[in-house]
Each structure stands twice: as C-alpha cells, then as structure tokens.
Amino acid sequence: MKKRLSISVMGEKFEIELEEDFFEFVKEDLIKIQNPTPRELLFLILEKNKKEYTLNKKLEKLLKKIEL
C-alpha cells in the first residue's frame, strides 16, 4: 500500500508517494528535515553515509567469507 504525503524542505513543498513500509523506515528522517538548521542537515547526511559505509564494509567481509 502506498502513502501520499506533503513535506516541506527548506521552504519548498513536495508531494510524494511512498510504500508504507518504506515510509515507516524513513519517517524519523522526514520529520528531521522539516525545518533543519544547516548543522542538523549536515549531521543527518553524515549519519546516513556512515551507516551505509559500515553496512558496505560488513557486506564485503561477508562476501569474502562466502568466497573462501
């Protein structure tokens, strides 16, 4: 099921439609970017990139183990 919502980011409004499961996954981030300060936005981006980097490293290790 899809969820339709309006969101305002840095003074610009967007109408988006997301799968309900994905919406639940990103809901906290959507709330955080409603009225972010530049610092909050920077830390949000860095936090997400760190999580992705860490996950990629774990996947690389797992793939190496599987290949052996």
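This structure is a prediction, so every number in the text was calculated from the model and none was measured.
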Query raised in the report: With a cutoff of under 4.5 Å between side-chain heavy atoms, which Ile, Leu, Val, Met, Phe, Trp and Tyr residues group with Leu55?
Result: Leu59
**Report entry** Step-by-step side chain to side chain contact (heavy atoms under 4.5 Å, CB included) determination, Glu60 to Lys57
**Finding:** CA-CA 5 Å; Glu60 285 175 10; Lys57 288 296 183 186; 3.9 Å; yes
Query raised in the report: Are there more than 12 heavy atoms of other residues, nucleotides or ligands under 6.0 Å from atom CD of Glu17?
Result: yes
Query raised in the report: Taking C-beta and beyond as the side chain, do Arg39 and Leu42 meet within less than 4.5 Å on heavy atoms?
Result: no
Report summary line: Sequence neighbours excluded, the answer for side-chain contact (heavy atoms from CB on, under 4.5 Å) partners of Thr54 is Lys50, Lys58
Report task. Starting at CG of Leu5, measure out to CG of Leu18 and round the result to the nearest 0.5 Å. Result -> 5.5 Å
Query - Between CE on residue Met10 and CD1 on residue Ile33, distance to nearest 0.5 Å - result: 10.0 Å
**Report entry** Shortest non-hydrogen contact from Asp29 toward Lys48
**Finding:** OD2-CE, 2.6 Å
**Report entry** Distance, nearest 0.5 Å, that separates CZ of Phe43 from OG1 of Thr37
**Finding:** 9.0 Å
Report task. Taking atom CG of Asp21 as the centre, report whether more than 12 heavy atoms of other residues, nucleotides or ligands fall under 6.0 Å from it. Result -> no
Report summary line: When rounded to the nearest 0.5 Å, the distance separating CD1 of Ile16 from CZ of Phe23 is 8.5 Å
Query raised in the report: Is any side-chain N of the basic residue among Glu47 and Lys51 closer than 4.0 Å to the acidic one's carboxylate O?
Result: yes
Query - From Leu62 atom CG to Glu67 atom CD, the distance as rounded to the nearest 0.5 Å - result: 10.0 Å
Report summary line: OG (Ser6) and CZ (Phe14) are apart, to the nearest 0.5 Å, by 11.5 Å
Requested in this report: Run the numbers on Leu30 and Lys27 for side chain to side chain contact (heavy atoms under 4.5 Å, CB included), then give the verdict.
Outcome: CA-CA 5 Å; Leu30 292 174; Lys27 182 169 52 175; 5.5 Å; no
